[in-house]
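Take a look at the structure below.
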Amino acid sequence: ASRGLGDVYKRQLETMTVTGTAGGGVIKITMNGHQMVTQVDISPDVVDETDIETLQDVVLAAINDACDKSQQLASKHLGNITGGLGIPGL
């Protein structure tokens, strides 16, 4: 039964998304519950050919924000499904 529950959990996480932002929202990274990036939005205001390093730093911060949110989402979702039980393999 726990295997079927794990499959349901994994399928549900594919459809759940979070959005990480940085630089006051000029960079937005959307990620699903499996921590796969599904969308990247970059405001033209942040693109400066003479300062690529800042753009890279802001993109990295947005990805890390999305990863943190995705991990929290997965953890919360698993807790909701299992009722807080420690089921091996999930």
Side-chain angles (χ1 to χ4, degrees):
S2 67
R3 182 166 178 82
L5 188 58
D7 292 341
V8 169
Y9 168 73
K10 289 176 184 176
R11 281 194 305 273
Q12 289 175 341
L13 283 179
E14 287 176 11
T15 63
M16 297 177 165
T17 61
V18 295
T19 301
T21 61
V26 295
I27 303 288
K28 296 178 184 173
I29 304 292
T30 302
M31 186 175 284
N32 69 18
H34 291 297
Q35 297 184 337
M36 299 296 296
V37 174
T38 59
Q39 186 171 340
V40 176
D41 293 310
I42 300 174
S43 169
D45 298 339
V46 74
V47 179
D48 179 354
E49 293 178 14
T50 63
D51 189 11
I52 297 300
E53 189 173 312
T54 296
L55 177 60
Q56 292 169 335
D57 290 345
V58 177
V59 170
L60 181 61
I63 291 170
N64 287 335
D65 186 46
C67 281
D68 288 344
K69 289 178 179 177
S70 179
Q71 289 171 352
Q72 291 170 11
L73 174 74
S75 179
K76 180 179 178 183
H77 185 61
L78 180 59
N80 289 341
I81 288 179
T82 65
L85 300 174
I87 299 175
L90 291 182

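Just so you know, these numbers come straight off a predicted model, no measurement behind them.
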Any side-chain heavy atom of [X] sitting closer than 4.5 Å to one from [Y]?
X	Y	answer
Ile29	Asp41	no
Asn32	Leu13	no
Val18	Asp65	no
Thr15	Arg11	no

>> Working note: Val47 + Ile42, criterion side-chain contact (heavy atoms from CB on, under 4.5 Å); need CA distance, chi angles, decisive distance, verdict.
In response: CA-CA 8 Å; Val47 179; Ile42 300 174; 4.0 Å; yes

>> Same cluster or not: Met36 versus Met16, using hydrophobic residues (I, L, V, M, F, W, Y) connected whenever any side-chain heavy atoms lie under 4.5 Å apart?
In response: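 No; tracing contacts between hydrophobic side chains, which count when under 4.5 Å, never links both residues.
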
>> Grouping I, L, V, M, F, W and Y whenever their side-chain heavy atoms are under 4.5 Å apart, do Ile27 and Leu60 come out in a common cluster?
In response: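 No; tracing contacts between hydrophobic side chains, which count when under 4.5 Å, never links both residues.
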
>> Quick one: does any side-chain atom of Thr17 pair with a main-chain N or O of Thr30 as donor and acceptor, under 3.5 Å?
In response: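 Side chain of Thr17 to backbone of Thr30: no pair is present.
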
>> Looking at every non-hydrogen atom in both residues, tell me the closest pair between Ala74 and Gly33 and how far apart they are.
In response: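 The answer is CB-O, 4.2 Å.
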
>> Assess the residue pair Met31 and Lys69 against the criterion (side-chain contact (heavy atoms from CB on, under 4.5 Å)); give the C-alpha distance rounded to whole Å, side-chain angles, the decisive distance to 0.1 Å, and a yes or no.
In response: CA-CA 9 Å; Met31 186 175 284; Lys69 289 178 179 177; over 6 Å; no

>> I'd like to know whether His34 forms a side-chain contact (heavy atoms from CB on, under 4.5 Å) with Lys10, so could you lay out the CA-CA distance, the side-chain angles of the two residues, the decisive distance to 0.1 Å, and finally the verdict.
In response: CA-CA 8 Å; His34 291 297; Lys10 289 176 184 176; 4.0 Å; yes

> What do you reckon, is NZ of Lys28 surrounded by more than 12 foreign heavy atoms closer than 6.0 Å?
Replying inline: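 It does not: Lys28 NZ has 12 such atoms or fewer within range.
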
> When rounded to the nearest 0.5 angstrom, what distance separates CD in Glu14 from OG1 in Thr38?
Replying inline: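 Rounded to the nearest 0.5 Å, the CD-OG1 separation comes out at 12.0 Å.
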
>> For a side chain to side chain donor-acceptor pair (under 3.5 Å) check, start with the C-alpha distance between Thr54 and Asp51, then their side-chain angles and the critical distance, and finish with the verdict.
In response: CA-CA 6 Å; Thr54 296; Asp51 189 11; 2.6 Å; yes

